[in-house]
Trainee: 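Structure in C-alpha cells, see below.
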Amino acid sequence: MFFDGAANFKGVGIGAVLVLEMGQHYPVFAKLIFPCTNNMEEYEACILGLKLAIDMNIQELQVIGVSDLLVHQVLGEWDTENTKILPYLLYVQELRKRLTKIEFQHVPRIQNKFADALATLSFMIQHPDKNFIDPIPVGIHN
C-alpha cells in the first residue's frame, strides 16, 4: 500500500493505493476539511489506506510512504510528544493489530507518484459536502 498527503492554497488531499500481488490497484482518496499539519495529512492518508486493507480482509501488508517521520514513529524508532500527532500514532498502532504481518517503508516522493497524484487530485476536485472526511475523534487524558 502506498500513501501520501498533499496541500496547497486550494486545500488538503490524501490518497492511498492498495496494490495486490496479482497486480490489481485499488485507489482511494479524500479531501480533508479541517486544518492540519503536513504530518497530520500523512497520518490521515496512511489510516485511509490501512482501513481499505482491513475492509478488504488483507492480512499481510507492506506500507510505503514518503513520510520518514511517520515510518520511524510507527516503528517505535522515534518518539513523539506532539499532542496533535500522538493520537494518530496510537490509532495506527491499533489498526496494525488487525493485520497478521505489516511492514513500513519510507521511499522518496519520486517512487510514490500514484499516491501523490491521488492526494493532489483530491484537493483539486470540488467534492460534494458528503464526500469529506471528518477528523478522527480523539480524547487526550493527562
Side-chain angles (χ1 to χ4, degrees), residues 1-20 23-142:
M1 176 198 83
F2 294 86
F3 70 93
D4 201 7
N8 72 10
F9 68 94
K10 292 183 179 183
V12 177
I14 58 173
V17 60
L18 188 61
V19 182
L20 301 185
Q24 297 100 327
H25 289 62
Y26 294 90
V28 60
F29 59 96
K31 184 174 186 175
L32 304 180
I33 61 167
F34 54 92
C36 61
T37 66
N38 290 344
N39 293 326
M40 290 167 65
E41 73 191 38
E42 293 292 336
Y43 269 100
E44 288 280 355
C46 181
I47 289 166
L48 183 67
L50 288 174
K51 285 182 171 182
L52 174 64
I54 290 166
D55 288 347
M56 293 179 64
N57 294 317
I58 303 295
Q59 290 300 307
E60 295 185 7
L61 188 66
Q62 183 174 16
V63 180
I64 301 169
V66 299
S67 175
D68 201 29
L69 178 85
L70 182 149
V71 170
H72 286 289
Q73 286 176 340
V74 169
L75 293 175
E77 298 168 352
W78 294 354
D79 292 330
T80 183
E81 294 178 8
N82 184 325
T83 58
K84 291 182 179 180
I85 297 299
L86 189 56
Y88 285 106
L89 175 59
L90 296 174
Y91 191 57
V92 169
Q93 298 293 16
E94 284 301 311
L95 292 174
R96 285 180 73 177
K97 294 176 185 176
R98 298 181 58 188
L99 296 142
T100 305
K101 180 181 177 184
I102 186 168
E103 297 175 3
F104 286 81
Q105 178 183 352
H106 169 260
V107 296
R109 189 164 305 279
I110 194 76
Q111 294 177 4
N112 200 25
K113 287 183 179 180
F114 193 5
D116 182 53
L118 287 172
T120 302
L121 179 64
S122 180
F123 71 67
M124 295 180 79
I125 293 176
Q126 295 297 321
H127 296 279
D129 288 341
K130 64 182 177 184
N131 286 345
F132 289 119
I133 290 182
D134 292 324
I136 298 170
V138 177
I140 299 175
H141 302 282
N142 292 328

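Source: prediction; values computed, not measured.
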Trainee: How about V66 and E42: do any of their side-chain heavy atoms sit closer than 4.5 Å?
Mentor: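 V66 reaches E42 side chain to side chain.
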
Trainee: To the nearest 0.5 angstrom, please state how far the CZ atom of F104 sits from the CD atom of E77.
Mentor: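 The distance works out to 12.0 Å.
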
Trainee: With sequence neighbours left out, write down each residue that passes side-chain hydrogen bond (donor to acceptor under 3.5 Å, both in side chains) with N82, or none if nothing qualifies.
Mentor: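 If we apply the side-chain hydrogen bond (donor to acceptor under 3.5 Å, both in side chains) test to N82, skipping adjacent residues, there are no hits.
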
Trainee: If you look at every heavy atom in E41 and N38, which pair is closest and at what distance?
Mentor: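 Here E41 and N38 meet closest at CG-O, 2.9 Å.
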
Trainee: Please report the shortest heavy-atom distance between A16 and A45, naming the atom on each side.
Mentor: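 So the minimum-distance heavy-atom pair works out to CB-O, 3.9 Å.
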
Trainee: Within this structure, what is the CD-CG distance for the pair E44 and N39, rounded to the nearest 0.5 Å?
Mentor: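 Here the interatomic distance stands at 12.0 Å.
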
Trainee: Would a 4.5 Å heavy-atom cut-off, applied to side chains only, mark L89 and V74 as touching?
Mentor: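 Yes, at least one pair of side-chain atoms sits under 4.5 Å.
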
Trainee: How long is the span from the CG atom in L18 to the CG atom in L52, to the nearest 0.5 Å?
Mentor: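 So the gap between those two atoms works out to 5.0 Å.
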
Trainee: Determine whether V19 and F2 make a side-chain contact, defined as any pair of heavy atoms from C-beta on separated by less than 4.5 Å.
Mentor: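 Yes, close enough: below the 4.5 Å cut-off.
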
Trainee: Hey, does L95 have a side-chain heavy atom less than 4.5 Å from the side chain of I102?
Mentor: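 Answer no - side chains too far apart.
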
Trainee: Looking at residues at least two apart in the chain, or sitting in another chain, which of them share a side-chain hydrogen bond (donor to acceptor under 3.5 Å, both in side chains) with K101?
Mentor: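 Once residues adjacent in sequence are excluded, K101 has no partner under the side-chain hydrogen bond (donor to acceptor under 3.5 Å, both in side chains) criterion.
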
Trainee: Between CG of L86 and NZ of K84, what distance do you get to the nearest 0.5 Å?
Mentor: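 Separation between the atoms: 14.0 Å.
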
Trainee: So does L70 get a backbone contact from the side chain of H72, meaning a donor-acceptor N/O pair under 3.5 Å?
Mentor: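 Answer holds: no.
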
Trainee: Supply the atom-to-atom distance T80 OG1 to Y88 OH, rounded to the nearest 0.5 angstrom.
Mentor: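 Separation between the atoms: 12.5 Å.
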
Trainee: Is there a side-chain contact between I47 and V92, using heavy atoms and a 4.5 Å cut-off?
Mentor: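 I47 vs V92: side chains touch.
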
Trainee: Are the side chains of Y26 and L20 in contact, using a 4.5 Å heavy-atom criterion?
Mentor: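 Yes, side chains in contact.
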
Trainee: Applying side chain to side chain contact (heavy atoms under 4.5 Å, CB included) to I85 and M40, what does each step give before you reach the verdict?
Mentor: CA-CA 6 Å; I85 297 299; M40 290 167 65; 3.8 Å; yes

Trainee: Side-chain contact, heavy-atom cut-off 4.5 Å: M1 with I64?
Mentor: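 When only atoms from C-beta onward are counted, I64 and M1 do not touch, as no gap falls below 4.5 Å.
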
Trainee: I need the Q73 CD to D68 CG distance, nearest 0.5 Å.
Mentor: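 Here the rounded value is 10.0 Å.
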
